[in-house]
Amino acid sequence: MTDQSTCVQNLTFDLESYLQARKAIIEKALDQSLPIAEPPVIYEAMRYSLLAGGKRLRPILCLATCELVGGTIEMAMPTACALEMIHTMSLIHDDLPAMDNDDYRRGQLTNHKKYGEDIAILAGDGLLAYAFEYVAAQTQGVNPSSVLRVIAKLGHTVGATGLVGGQVLDLASEGNPDISLETLNYIHTHKTGALLEACVVTGAILGEASEETLAALSRYAYNIGLAFQIIDDILDITATQEELGKTAGKDVEADKATYPRLLGLEASKAKADELIEAACAEMSPYGDAGVPLKAIAQLIANRKN
Ligand code: FPP
Ligand code: MG
């Protein structure tokens with residue numbers, strides 16, 4: 001995918017080392033963000049899912065855009081951790097029996113399988129609340145009005161205007177695969193795209209980006225967000241449980257509308273490639289500074305899990 005693209009031209013950039021280094025500092029920051037306290041069981045359950053690995057794509061994006069606009073990693077790290085807390089809580093709740101009823105996530109038992117449904121619900125709630133506290137209490141060296149803007153953005157992203165709204169329509173579409181492409185795009189851009197957009201935009205807000213740059217980054221994020229979910233739909237069909245670290249074939253089993261179902265596999269891949277190209281094009285004016293974000297876009301197109 002995307003072999004001839006504007007994305008690859010510059011890639012003397014060593015994406016693998018970049019991602020590895022970023023992942024290491026993020027893992028450390030996440031570990032330190034949430035020490036065990038009383039009552040231990042809830043902290044253990046929160047840490048169990050928060051520290052279960054994963055690509056850490058969301059915090060990496062937040063740090064990358066802060067740096068792109070001249071900010072530092074330190075300015076964005078509390079928000080980067082908060083975004084991973086929010087992502088993790090959304091997956092804990094998504095996996096519950098009342099929603100997708102999944103047993104495996106990131107290669108290990110889901111939170112409710114390990115701790116029970118009651119604790120899993122509370123672990124999700126705890127992570128969500130702590131994410132907001134963490135941004136407000138831990139962000140340093142940033143204009144307070146920018147921190148407030150980030151907090152408002154996070155609220156808008158997780159609520160009915162974002163993840164919650166997307167998840168409601170996603171659940172309603174189970175057993176109803178004949179929904180329109182417009183509704184499917186709504187689900188994908190809200191359930192998945194909104195949080196990726198928040199990662200990209202909050203990093204840039206913390207780095208005091210101009211409104212013009214924020215708009216370009218928001219368009220970049222829209223494109224990678226939709227592409228990410230189209231690839232997710234494709235992998236649900238083409239990848240194995242071992243590759244994914246979670247149950248494969250769930251969309252077909254739940255009779256869900258997906259891109260491959262509406263457009264076919266080839267056209268879905270083509271659409272994802274087109275979106276990645278568009279995302280890279282948004283970064284072209286930023287020259288070398290935009291290369292990490294182009295490379296991350298490409299990674300999304302080529303991901304296997
Ligand atoms: C995974 O999708 C789930 C999401 C991307 C988000 C789900 C959102 C919620 C449960 C709402 C969370 C609540 C708040 C307050 C943020 P999927 O089921 O398509 O993918 P999967 O195969 O990885 O489970
Ligand atoms: Mg799910």
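If you read the sequence from its start, that first residue is 1, and numbering goes on from there. Keep in mind that this is a model prediction, so the values were computed, not measured. Counting convention: from 1, in listed order, for ligands and their atoms alike.
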Inset, instruction - Verify the distance test for D102 against the Mg ion (ligand 2): any N/O/S atom under 2.8 Å, yes or no. - result: no

Inset, instruction - Consider every N or O of D94 and every N or O of ligand 1, then say whether any pair is closer than 3.5 Å. - result: yes

Inset, instruction - Could you find the nearest protein heavy atom to atom 10 (C) of ligand 1 and give me its residue, atom name and distance? - result: S90 O, 3.4 Å

Legend entry - Protein contact to atom 7 (C) of ligand 1 [nearest heavy atom, distance to 0.1 Å]: Q167 OE1, 3.3 Å

Inset, instruction - State, without any angle test, whether E67 and T72 hold a side-chain donor-acceptor pair at a distance under 3.5 Å. - result: no

Inset, instruction - Would you mind telling me if ligand 1 is within reach of the side chain of D100, the backbone, both or neither, using heavy atoms under 4.0 Å? - result: side chain

Legend entry - Aromatic ring pairing Y186/H190, orientation class (parallel under 30°, perpendicular over 60°, tilted between): parallel

Inset, instruction - For the pair D288 and K294, find out whether any cationic side-chain nitrogen is under 4.0 Å from an anionic carboxylate oxygen. - result: no

Inset, instruction - For the residue pair D170 and K256, establish whether any side-chain heavy-atom pair is separated by less than 4.5 Å. - result: yes

Inset, instruction - For K28, look at atom NZ and say whether over 12 heavy atoms of other residues, nucleotides or ligands are found less than 6.0 Å away. - result: no

Legend entry - Nearest neighbour in protein (non-hydrogen) for atom 22 (O) of ligand 1: K246 NZ, 3.2 Å

Legend entry - Element-labelled atoms of ligand 1 that are located less than 4.0 Å from some non-hydrogen atom of M89: 13 (C), 14 (C), 16 (C)

Inset, instruction - Could you tell me which N, O or S atom of D100 is nearest to the Mg ion (ligand 2)? - result: OD2

Inset, instruction - Please determine, by modelled atom types, if R22 and Y18 share a side-chain donor-acceptor pair under 3.5 angstrom. - result: yes

Inset, instruction - For the pair K269 and E266, find out whether any cationic side-chain nitrogen is under 4.0 Å from an anionic carboxylate oxygen. - result: yes

Inset, instruction - Give a yes-or-no answer on whether the side chains of E282 and N223 include a donor-acceptor pair shorter than 3.5 Å. - result: no

Inset, instruction - May I ask you to check if ligand 1 and R105 share an N or O to N or O distance below 3.5 Å? - result: yes

Legend entry - Proximal atoms of ligand 1 relative to L128 (non-hydrogen, under 4.0 Å): 15 (C)

Legend entry - K191 and ligand 1 - part of the residue with a heavy-atom distance under 4.0 Å: both

Legend entry - Heteroatom N/O/S of D94 within less than 2.8 Å of the Mg ion (ligand 2): yes

